4 protein chains.
Amino acid sequence: MAKLWDKGERPLDALIEKFTVGDDYLLDRALVRADVLGSVAHAKMLAKIAILTEDEFERVKQALKEVLALEKKGHFVIEPADEDVHTRIENHLTERLGDLGKKIHTARSRNDQVLVDLRLYTKEQLFDIEAALLALAASLLAFARKHTETPMPGRTHMQIAMPSSVGLWAAAHTEALLDDLVLLRAAFDLNDQCPLGSAASYGSALPIDRRLTSDLLGFAKVQNNVLYANNSRGKVEAAVISALAEIMVTLSKMATDLIIFSMPEFAYFSLPAELCTGSSLMPQKKNPCGLELVRAKSATVIAHLNQVLGTICALPSGYNRDFQETKRPLMQAIEITLGSLGVMKISIERLEVKKDNLLKGFVPEIYATDRVGELVADGVPFRDAYREVAKNLDKLGHRDPVENIKSKTHIGASGNLGLEISEKRVREAASELTNARQAFDACIEQLLK
Amino acid sequence: MAKLWDKGERPLDALIEKFTVGDDYLLDRALVRADVLGSVAHAKMLAKIAILTEDEFERVKQALKEVLALEKKGHFVIEPADEDVHTRIENHLTERLGDLGKKIHTARSRNDQVLVDLRLYTKEQLFDIEAALLALAASLLAFARKHTETPMPGRTHMQIAMPSSVGLWAAAHTEALLDDLVLLRAAFDLNDQCPLGSAASYGSALPIDRRLTSDLLGFAKVQNNVLYANNSRGKVEAAVISALAEIMVTLSKMATDLIIFSMPEFAYFSLPAELCTGSSLMPQKKNPCGLELVRAKSATVIAHLNQVLGTICALPSGYNRDFQETKRPLMQAIEITLGSLGVMKISIERLEVKKDNLLKGFVPEIYATDRVGELVADGVPFRDAYREVAKNLDKLGHRDPVENIKSKTHIGASGNLGLEISEKRVREAASELTNARQAFDACIEQLLK
Amino acid sequence: MAKLWDKGERPLDALIEKFTVGDDYLLDRALVRADVLGSVAHAKMLAKIAILTEDEFERVKQALKEVLALEKKGHFVIEPADEDVHTRIENHLTERLGDLGKKIHTARSRNDQVLVDLRLYTKEQLFDIEAALLALAASLLAFARKHTETPMPGRTHMQIAMPSSVGLWAAAHTEALLDDLVLLRAAFDLNDQCPLGSAASYGSALPIDRRLTSDLLGFAKVQNNVLYANNSRGKVEAAVISALAEIMVTLSKMATDLIIFSMPEFAYFSLPAELCTGSSLMPQKKNPCGLELVRAKSATVIAHLNQVLGTICALPSGYNRDFQETKRPLMQAIEITLGSLGVMKISIERLEVKKDNLLKGFVPEIYATDRVGELVADGVPFRDAYREVAKNLDKLGHRDPVENIKSKTHIGASGNLGLEISEKRVREAASELTNARQAFDACIEQLLK
Amino acid sequence: MAKLWDKGERPLDALIEKFTVGDDYLLDRALVRADVLGSVAHAKMLAKIAILTEDEFERVKQALKEVLALEKKGHFVIEPADEDVHTRIENHLTERLGDLGKKIHTARSRNDQVLVDLRLYTKEQLFDIEAALLALAASLLAFARKHTETPMPGRTHMQIAMPSSVGLWAAAHTEALLDDLVLLRAAFDLNDQCPLGSAASYGSALPIDRRLTSDLLGFAKVQNNVLYANNSRGKVEAAVISALAEIMVTLSKMATDLIIFSMPEFAYFSLPAELCTGSSLMPQKKNPCGLELVRAKSATVIAHLNQVLGTICALPSGYNRDFQETKRPLMQAIEITLGSLGVMKISIERLEVKKDNLLKGFVPEIYATDRVGELVADGVPFRDAYREVAKNLDKLGHRDPVENIKSKTHIGASGNLGLEISEKRVREAASELTNARQAFDACIEQLLK
């Protein structure tokens, strides 16, 4: 296919072409829908400023909707020779509409097209990630509710520390996810700015209406400065991946806990067979591969963040081709996080909790600190009580674990988990998400009508 | 000094002691104030639940205020043998107050102490960073205002692209900073949760009042789940450093632009001598070392983010000693970002703009895209106009750069920078910051009264 | 297709299956050849220890060679349902050979299969990378030879420093590549150990002959300890990627230099049109996209190194599924480095050097340090001479740049580049490479005969 | 103190001075010895080319030796106002020797001084690291010898897999260290090149003798190209830190294994009290803090590698101030690795092995794969035998673990560890190290005589 910038000169060297396109054309397959949406909005704006007639706009819109239809059937495939999604679509329009197709690129550049595509793509993906995060949080809360009185040895330094509960454990991860949501929404907001009309970084001499395209596409606001629009490429991606990395860190901790506590020496938890894989050599093996990969992929997402920040750090202002390298880490980080949230959700929902094994960890020493507390309540200075108990560890006896965990009733302790706070937050966040998503969907439906 | 956990057994091996303390004792010197504040609040709460009498509390408070006074004079220094700031201060109390000092550690652990110390430390530092960010934004805006009509060649791929202005350039960086502020505030909010009372990760059997300590210390809320409090160690740090990394990426782009455009081949900008260093060998050199180090240190902050995420990723729940390694990257990232914001501010304020040199870049080809726009306005389809101009680049002539940049009047373009939007945002943010800081300072003053 | 570990139980959950397979099946397409080679060697060894008859071995070998033939035609494709290359091939053997196919997995595990596959794959790729590195070094040396007397302003801090030459510049990058080769060969050596027979990490009860398989596959030695074989997964990859990252750092510096010095303000160098891409919007643009992507992809390879190290860091001993995540970064880093070496080679070979523009940088101040040297030679203490010249910069005059660069004749200076040292090294290394490659190819040919 | 480049102009802005010096002056305290050595060699060379008289050289040498003596007593301290070690020492010479001191900087720059300082510093540190690595390897080998017949459950995916031994486990880590040594020595070789005489990156007009200084300082060779000398800053550091990161990855795996297997649920191993720290709150705790910090600090060293690569990636040729940021990560990575090797050595040497607990893991299923092997030896195709055993896991019985691990006699298996291979390698490497170190020490002694 013809390059958009082809001027009939010597063709691009084959090696350079292969190197510069790379697998970008594959990644761009995920951007067809967004590129169509951006193009419809842009065309409508061109009609408003009389670059296109209303009739021309309708024909462009129909041709673009045809792209969506073809793509749904798998008949709109971007190949390496197409260079990218933008070229593929402009060429499609020119094939279908002749001279009219050649007008679509007025007052825009592939630079702002890819920006707007990625914003739209990311927005829809973040809706899905929020939904998956809230679904996992809900599963964890249900699990915590069920196990508020299931004792579990609390650990520090991986050694047995103090009495805890399965409920406390599950609720801790829930609160982590809800904090991660705060960061995710901040990144969502940065992403929710419309760069269209920034063109190559320096705007256009034509009287384009940037607010109109922004509104048509359901953005919260126009990204004002045209140079900043391009300078923000990679920055928004980094903000998004950073929030995803925080989610993955939360999940990696859950996964590590579950892997350790599923070892036969603990057997606190057991994963059902359908969530485990086997060994090609050892007939008896049941391996928690899903959890192991959540653990490993958290390092992957961290590396993706590193990649994006490393790529954009110290780049001069304006578009630089380096930006292309930020696309894959963004897309992969999104895919990994979505998959991992799903894996953790079914892992929690189908987890078997083995109460007997949990109780085995309640050796007398687990109550040492509680014993110190009793001496303190009797008036012994803490540090003396501590040393007293330390000298008499062998005199500590068994206690009732359930009574113990119920007896700790200050805010956030095992006897006062405050699950209702998180439950309320999950409900509210889910409702906010539904509203935001519906508003966006309505916008897009209107645009394509 | 005695270790808090010393039980009179065989002493810690010297190599292990050196390795585990590392330079943590040095870093802890920055936490003395925070540890004192946390201890006063904790003691007041112990008085409320009758572990201490009111009189005991007053004596503890006085002894803690003495620590602040000593530290101000440089007489309260943490040495390797002290292990950490918490031990140093508890030992000080016990020296001064005897048995009373031994009570302070009731219902808390060094785990939640270091958590609360870092939260308080970070909060105060983030106030400073916000202030420095807003000061730089204000300087950039003033610079942009002054140079809205100073033409500057706009570049993409570092090659000359289209007309731009110094004002557009400066305003782009301002908007970047204001977006960075969104992320910084999200991180600030995560940090603004009080972990005190979570103890070793499993709370306390005593009826402690966590809301009270949280309120006394001016936190926005209690961090509820006691296990999550510890699990969030490193996560909050990562959120903060991630926001700082975004700021540094913004500054690194500014620095790179300024370094390049100060090369004699451009000489768009000139830094005054007092901001440059010389060479020990070459008498004529004036080197933009501040800018180079801003550029380099952005990679450092990215590595710090990487370090924190790498350290906490896949750690099991509960306190692990690994957390210690997250302290240095946090503190260094904060110090670097503060310093870099300051360096960029004076660099912008004292930058000499050389208009003549900027105009040299306005070769006829810079207007090629504008010429395409004119043909489009005359009804030529964009792609045909593009090819037409491409074939006749030698027919492009000189134009008036100032008229050109003024003529682009859509949102965010060189003729319509929208500086007032950013100016308003800077004012509002500065006012929010002042209010938040005053409220916090009032809290602390009250606590120490 | 049947999983190798399928025991007729409840099937793997679809979500887990999708998540755990990921795109591993795609990556495994690059390992078909290596897996076949490893399997032939393994089968031959099984024949030697009488698990297979000689006739059985021949039939297995033919069926495996058939895989190679099918794959060449694109008829041996691994699909997600196949799980991985090992399963696909074992299933192929069982289809073709019935019970005989079921014997192939005796005394091995997919764990050691993937290890040996990656070692073979990496070895062949590193041969290609060495060849590409030496080809670029040779091009740089030819370029340096041609330009030993082409003056070029030498820079520090990007500011003009002292006279230099295009030859010195090109030779510097050559020496960097030759040092990178040292690291690459160390990584090559680590990779050149045969893990086959380590099985799942704990060897086999059968009397397998690990030296035989190692020799058949052309490895330099057996990787001895069976647990270490698995523990080294990721470590060898990290060593390889680290060497590739050093190469990319070298190339990124070359790319940055070329991008800057191709800006119109310098125009020291000019890339031909066929190595540049255009803009979809701006008709006049010629963008050095290949160089920009070499620059960006160096950050990518660094992130890949980070990913592998982050994934394996602190993993417990023995195989863990996490290892799967080290495959993609290895393969991508290899592909990027190979591509980048090729791009830099044609960039150097076709680079136009614009002597006139290079000379423009020879302002009088560039000779300041040489003037200091003259005063020193006359007996003025260096620091006094330095200050003297600093005060009289305006008295420095023009000199002959070519004479100047020729006059610096100590080791490694512009008048004594020592190109013959690098030329000899390139010749020797190329000859070593040819020998190693021929020996390996002969081994493989013998194996498949 | 006077800056070397001070020309009596407006002084450097205080903020810039603080920012650019940073803590570099602190790091430079570790470079005093190296800077003195480099200066003595340089001065001797200046004498040879008659810039100094023999008598002047002797006076310079004495004054430099005085620096060493002062520094040993702690009386030669670099302060922020000194800017760096080079300035501090030149100023010292000028104070002591007047005009003669002003000659020392002839034909050199701080750029090549810091290069040579870091090379010398790194070389001596790498000697220490090699020694510590070999000492740990020797301890591991002694431990492995002692425990060749101590059974230990072998794991994959952290689940029980097949019989293994404590000897196999320890020997695996030894072989990892010996492979790490290959990379370390490659990095050592890169570092062992003398950059002195490259000056600011463009050499000197004076007829300096670079081979002489290289030989005087005991370098293996001159780093030829003067521009490459500066371009290699950071690259050599990255090669060194990459090798250290590989060592840390090895140690982190050991540490993770030991932490897990010291949990009470395993209690395979027990660390003595003097290697554990306690809790300030919980009287019973014994925490493996040394091991936890080895684990955490492996992430730190990976981040240091990331920092150096991120800093130098895409920097233009020639000295850039950014290089300063590579000093701290190098020094910290060295310090961490040295400390970690020491901690692991005493941990292994003092580790208590609890055979009874190790045997508890030998449940019948651990022999499943051995049972498959028996069926295969009887002629059942492997895959059928696998399925047969999988269906009859409950029929597997107990076996003698010691007999089992002794029965696996192929290369590298539990019955044939090949410890003698590693023992020989450790001996040889230790002898190579001793020779290299003695040769270097003799050189330096001669230089200072």
Side-chain angles (χ1 to χ4, degrees), chain C residues 7 99 102-103 105-106 154-156 158 161-162 164 168 171-172 175-176 179 182-183 186 190 200-203 205-206 208 210 222 224-228 231 239 242 249 252 256-257 295 298-299 302 306 309 313-314 316-319 370 373 376 381-384 390 408 410-413 418, chain D residues 7 99 102-103 105-106 154-156 158 161-162 164 168 171-172 175-176 179 182-183 186 190 200-203 205-206 208 210 222 224-228 231 239 242 249 252 256-257 295 298 302 306 309 312-314 316-319 370 373 376 381-384 390 408 410-413 418:
Chain C
K7 298 145 199 142
D99 269 11
K102 296 180 188 167
K103 294 185 178 178
H105 211 61
T106 308
R155 290 167 191 276
T156 62
M158 299 177 73
M162 288 173 63
S164 178
L168 183 72
E175 293 190 16
D179 271 3
V182 172
L183 300 172
L190 282 202
S201 300
Y202 304 100
L206 295 165
I208 57 175
R210 296 186 63 204
V222 176
N224 181 67
N225 185 292
V226 290
L227 177 56
Y228 175 50
N231 283 359
S242 173
V249 165
S252 75
T256 295
D257 285 348
R295 180 176 62 185
S298 59
I302 292 169
N306 197 248
L309 289 169
C313 180
S317 280
Y319 179 84
D370 288 323
V376 165
F382 169 80
R383 190 57 64 205
D384 292 338
K408 293 174 185 157
H410 65 71
I411 292 178
Chain D
K7 299 147 199 137
D99 269 12
K102 296 181 188 167
K103 294 184 178 179
H105 210 61
T106 309
R155 289 167 192 276
T156 62
M158 299 178 73
M162 289 173 63
S164 179
L168 183 71
E175 294 191 17
D179 271 4
V182 172
L183 300 172
L190 281 202
S201 302
Y202 304 100
L206 295 164
I208 57 174
R210 296 186 63 204
V222 176
N224 182 66
N225 185 292
V226 290
L227 177 56
Y228 175 50
N231 283 359
S242 173
V249 164
S252 76
T256 295
D257 286 347
R295 180 176 62 185
S298 60
I302 293 169
N306 198 247
L309 289 169
I312 62 174
C313 181
S317 280
Y319 179 84
D370 288 324
V376 164
F382 169 81
R383 191 57 61 206
D384 292 338
K408 292 174 186 157
H410 65 71
I411 292 179

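Scope of the values below: all heavy atoms of this structure, side chains included, with no hydrogens, waters or symmetry mates. By convention in this document, chain letters (A, B, ...) are assigned in the order of the sequence lines, proteins followed by strands, and residues within each chain are numbered from 1. The structure displayed is predicted, hence computed values, not measured ones.
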Under a 4.5 Å heavy-atom cutoff, which of [options] has the most pairs with chain C?
options                            : value
L227(D), T256(D), I411(D)          : I411(D)
V376(D), V249(D), V182(D), L190(D) : L190(D)
A161(D), G318(D), A239(D)          : A239(D)
I312(D), N231(D), D370(D)          : N231(D)

Name the option with the most non-hydrogen atom pairs under 4.5 Å to chain D; the candidates are [options].
options                            : result
M162(C), K103(C), E175(C)          : E175(C)
G154(C), S201(C), A299(C), A186(C) : G154(C)
G373(C), S164(C), G418(C)          : S164(C)
L206(C), D99(C), I208(C)           : I208(C)

### Query
Would you say the side-chain atoms of R155(D) pair up with the backbone N or O of P316(C), donor to acceptor, closer than 3.5 Å?
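No; zero donor-acceptor contacts below 3.5 Å.
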### Task
Give a yes-or-no answer on whether the side chains of D179(D) and Y228(C) include a donor-acceptor pair shorter than 3.5 Å.
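Indeed, the side chains of D179(D) and Y228(C) share at least one donor-acceptor pair under 3.5 Å.
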### Query
Checking side chain to side chain contact (heavy atoms under 4.5 Å, CB included) for the pair V226(D)/H410(C): CA distance, chi angles, key distance, verdict?
CA-CA 10 Å; V226(D) 290; H410(C) 65 71; 3.9 Å; yes
### Task
State, to 0.1 Å, how close D384(D) and K102(C) come at their nearest heavy-atom pair, and which atoms those are.
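Minimum heavy-atom separation between D384(D) and K102(C): OD1-NZ, 3.0 Å.
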### Message
Could you report the tightest heavy-atom contact between A200(C) and T156(D), atom names first, then the distance?
### Response
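Minimum heavy-atom separation between A200(C) and T156(D): O-CG2, 3.3 Å.
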### Query
Using non-hydrogen atoms only, which part of L168(C) is less than 4.5 Å away from chain D: side chain, backbone, both, or neither?
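Both backbone and side chain.
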### Message
Run the ring pair (Phe, Tyr, Trp, His ring centres under 6.0 Å) test against F382(D) and tell me which residues pass, sequence neighbours left out.
### Response
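Expected list: H105(C).
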